[in-house]
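Working notes, structure below.
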Amino acid sequence: MFNKYLVLVFSIFVMCEAVEAEEAIVFESASGKTTAAFAGEFYVPENRGEPDSRKIPIRYVRFPSTSKKPGAPIVYLSGGPGGSGIQTAKYRRFSLFMEMTKHADVIALDQRGTGKSNDIPHCQSNVVVPLTEATTDEAYFELQRLALEQCLGKWKKQGVDIHGYTTVESARDLEDLRIHLGAKKISLWGISYGSHLALAALKYIGDSIDRVMIATVEGLDQTIKMPARTDAYFDRLQEAINSDSKLKEQLPDIKSLVRRVHSRLDSQPLRLNVRSGEDEVEVLLVKRDLQQMLAATISDPDGALRMLRLYLAVEQGYTAPLAEVMQRFGDVTAPISFRAMPVAMDLASGQSEARYAEIMSQAKTSLLGSFLNSSIHLTGAIPGLDLGEDFRSAPVSDIPTLVLRGSLDGRIYPLSQLEATSGLKNRQVVDVINAGHNLFMTSPEVAQTMNEFMRGEALTKTTINVDLPW
């Protein structure tokens with residue numbers, strides 16, 4: 001306690017002056033490390049298109065720079081959508097946040113509707129997917145839409161304007177953050193959906209941006225992923241598996257394995273006993289359930305491998321491990337529920353009619369069908385929310401941008417990331433070989449590359465090799 005008190009006093013006298021509505025704090029990471037910081041907030045309209053819109057808080061933690069001549073504040077944009085920047089700073093990336101303070105103040109931002117910037121209750125509907133009878137995919141999608149309709153009604157009664165939860169509004173929040181900080185410009189550091197938001201910011205507030213670092217880039221027209229590219233990802237994953245002789249022997253053809261198990265469940269759904277609280281309940285597992293579970297675990301290669309081993313166990317008749325994994329995904333008896341920000345952000349970014357048709361055509365024969373893209377089945381559920389084709393067009397900019405891509409990312413693919421950033425004339429691309437979606441902490445060379453970029457230096461490497469996680 002005494003050491004924390006000294007840190008706080010030191011922060012008040014030595015660090016840069018706090019901006020309005022900031023409070024000096026001691027920030028503690030999950031590992032117990034502490035640092036002096038500031039907690040701040042400002043208020044923005046929930047929906048700038050409505051003159052009488054209520055004001056909502058945007059909250060953040062600011063880590064002051066250790067540089068004598070700090071650059072533009074670096075704003076961290078979390079993924080999801082729905083992730084908390086403040087929580088991200090507490091866990092594995094804490095050291096990387098501290099590393100970036102060498103260049104400028106670093107802002108761990110909770111975007112609107114997330115973390116400490118969220119005042120919208122999580123909505124649990126009264127719609128339940130039947131556990132012991134096979135529900136067709138069409139009926140399942142209709143249940144999802146019905147549940148969302150209930151939640152939209154609840155949020156409206158609570159005074160929430162769901163039309164305020166779009167990527168454009170979040171980009172405008174970044175401009176208000178810049179003004180709140182008193183900064184001429186800000187730099188952006190984002191991953192996954194955070195990169196999606198950064199690309200939107202380049203379009204809408206480009207004059208206020210100094211530099212951009214984005215990883216696992218999700219383009220403005222890429223909220224919904226292409227099933228054929230997911231299938232191609234499994235080919236890359238197979239090549240990585242084949243580099244290990246023991247793994248290759250266990251999993252010589254992962255795509256065939258997945259198709260065999262799916263075919264078996266199509267013809268004969270699997271009955272499992274799954275724990276729900278203190279009780280065990282019977283669940284009828286259908287192909288859709290496994291497709292959703294696999295889609296949720298392929299972001300990084302280690303997660304994909306664990307799920308593929310479950311497929312192998314199911315094929316061999318061992319189902320207890322699968323029941324255990326299902327419990328980790330949540331209470332199987334719970335009604336369908338939604339968080340406002342994630343569902344609204346995805347539906348607002350949406351997709352064109354042509355892309356929708358192409359995705360649904362590919363889904364007919366792909367391994368995961370359309371279940372990599374849960375929001376596609378809610379298209380049009382919130383009238384007037386879709387941001388349209390002007391929003392989805394790729395940004396054009398000459399702002400210095402660093403793009404980091406993981407070669408074994410099962411959610412966002414290397415080619416898609418090049419397409420998403422093709423209009424960025426001052427783009428530098430670094431490939432992290434064998435890394436997946438969450439690549440920042442896979443190698444010290446990632447931080448080294450980010451430091452070089454922030455200093456405006458030529459990059460030492462455009463390819464970083466990391467060990468496979470098995």
Side-chain angles (χ1 to χ4, degrees), residues 128-144 224-238 241 247 250-276 280-334 336 359-360 362-377 408 410-411 436-437:
V128 177
V129 179
L131 290 180
T132 57
E133 60 183 74
T135 304
T136 66
D137 289 348
E138 291 72 19
Y140 175 81
F141 302 145
E142 186 56 36
L143 291 174
Q144 295 286 326
I224 306 300
K225 310 304 184 291
M226 304 299 290
R229 291 191 176 179
T230 305
D231 286 357
Y233 156 76
F234 282 105
D235 293 330
R236 294 196 301 279
L237 183 62
Q238 184 71 63
I241 288 172
L247 272 184
Q250 294 173 11
L251 297 164
D253 191 339
I254 57 177
K255 289 170 75 172
S256 292
L257 169 66
V258 170
R259 291 192 188 281
R260 289 195 305 271
V261 173
H262 287 175
S263 177
R264 173 181 168 182
L265 290 176
D266 252 346
S267 60
Q268 186 178 358
L270 183 64
R271 293 193 179 275
L272 296 175
N273 290 323
V274 178
R275 184 161 293 281
S276 174
E280 275 197 349
V281 296
E282 185 180 84
V283 174
L284 187 67
L285 190 85
V286 297
K287 180 175 76 171
R288 176 182 63 247
D289 298 316
L290 269 189
Q291 286 177 310
Q292 290 178 318
M293 291 171 68
L294 184 56
T297 55
I298 61 174
S299 296
D300 296 300
D302 51 344
L305 181 60
R306 286 194 296 271
M307 194 64 203
L308 289 168
R309 281 175 166 156
L310 279 179
Y311 269 76
L312 191 61
V314 169
E315 185 174 56
Q316 295 173 348
Y318 300 108
T319 59
L322 180 58
E324 292 175 8
V325 170
M326 287 186 69
Q327 292 163 199
R328 297 176 202 162
F329 278 81
D331 185 355
V332 294
T333 66
I336 298 170
I359 288 168
M360 297 308 288
Q362 292 180 5
K364 293 176 182 177
T365 58
S366 67
L367 288 177
L368 299 184
S370 60
F371 291 101
L372 190 72
N373 305 301
S374 58
S375 65
I376 197 170
H377 302 293
L408 291 180
R411 288 287 304 174
H437 197 81

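Count residues from 1 along the sequence. What you see below is based on every heavy atom in this structure, not just the backbone, and it leaves out hydrogens, waters and symmetry mates.
- Neither side chain, Asp231 nor Ser366, offers a donor N or O lying under 3.5 Å from an acceptor on the other.
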>> side-chain contact (heavy atoms from CB on, under 4.5 Å) for Val283 and Thr132? Distances and angles first, verdict last.
In response: CA-CA 5 Å; Val283 174; Thr132 57; over 6 Å; no
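- With rounding to the nearest 0.5 Å, the separation of CD in Gln238 from OH in Tyr233 is 11.0 Å.
- To the nearest 0.5 Å, atoms CE (Met307) and CG (Asp302) are separated by 14.0 Å.
- Side-chain N/O atoms of Glu315 and Tyr311 include no donor and acceptor closer than 3.5 Å.
- Rounding to the nearest 0.5 angstrom, the gap separating the NZ atom in Lys255 from the CZ atom in Arg259 is 6.5 Å.
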Identify all side-chain donor-acceptor contacts of residues 367-376 below 3.5 Å with residues at least two apart in sequence or on another chain.
residue: Ser370; atom: OG; partner: His377; partner atom: NE2; Å: 2.7
residue: Asn373; atom: OD1; partner: Lys225; partner atom: N; Å: 2.7
residue: Asn373; atom: ND2; partner: Lys225; partner atom: O; Å: 2.9

>> Go through it in stages, so that I can follow the logic: the residues are Met293 and Thr297, the test is side-chain contact (heavy atoms from CB on, under 4.5 Å), and I'd like the CA-CA distance, side-chain angles, deciding distance and then a yes or no.
In response: CA-CA 6 Å; Met293 291 171 68; Thr297 55; 5.7 Å; no
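- Glu138 contributes atom CD, which lies 11.5 Å from atom CG of Leu143 (distance to the nearest 0.5 angstrom).
- By the 4.5 Å heavy-atom criterion applied to side chains, Gln362 and Ile359 are not counted as neighbours.
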>> Let's go through Leu285 and Thr319 carefully: what are the C-alpha distance in whole Å and the side-chain angles of both, what is the deciding distance for side-chain contact (heavy atoms from CB on, under 4.5 Å) to 0.1 Å, and is it a yes or a no?
In response: CA-CA 11 Å; Leu285 190 85; Thr319 59; over 6 Å; no
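- The closest donor-acceptor contact from the side chain of Arg306 to the backbone of Pro301 lies at 3.5 Å or more, if one exists at all.
- Surrounding CD of Gln268 are at most 12 heavy atoms belonging to other residues, nucleotides or ligands under 6.0 Å away.
- Using a cutoff of 4.0 Å between basic side-chain nitrogens and carboxylate oxygens, Arg411 and Asp300 are not scored as salt-bridged.
- Taking all atoms of both residues into account, the shortest heavy-atom contact from Thr333 to Leu131 is CG2-CD1, 3.8 Å.
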> Would Val281 and Asn273 count as a side-chain contact (heavy atoms from CB on, under 4.5 Å) if you check the C-alpha gap in whole Å, the side-chain angles of each, and the deciding distance to 0.1 Å?
Replying inline: CA-CA 5 Å; Val281 296; Asn273 290 323; over 6 Å; no
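- In this structure, the side chains of Arg309 and Leu305 come closer than 4.5 Å at one or more pairs of heavy atoms.
- Side-chain contact check for Ile298 versus Thr230: some heavy-atom pair is nearer than 4.5 Å.
- Two residues are said to be in side-chain contact when any heavy atoms from C-beta on lie closer than 4.5 Å; Leu310 and Met326 fail this criterion.
- The number of heavy-atom neighbours closer than 6.0 Å to CZ of Phe329, taken from other residues, nucleotides and ligands shown, is above 12.
- The minimum heavy-atom distance between Arg264 and Val314, with the atom names listed, is NH1-O, 2.9 Å.
- For the pair Ala134 and Leu284, the tightest heavy-atom approach, listed with the atom from each and the gap, is N-CD2, 3.4 Å.
- Rounding to the nearest 0.5 Å gives a distance of 11.5 Å between CD of Gln250 and CG of Leu257.
- Counting heavy atoms from C-beta on, the side chains of Leu294 and Val258 come closer than 4.5 Å.
- For the atom pair CG of Leu251 and CG of Leu308, the computed distance is 6.0 Å after rounding to the nearest 0.5 Å.
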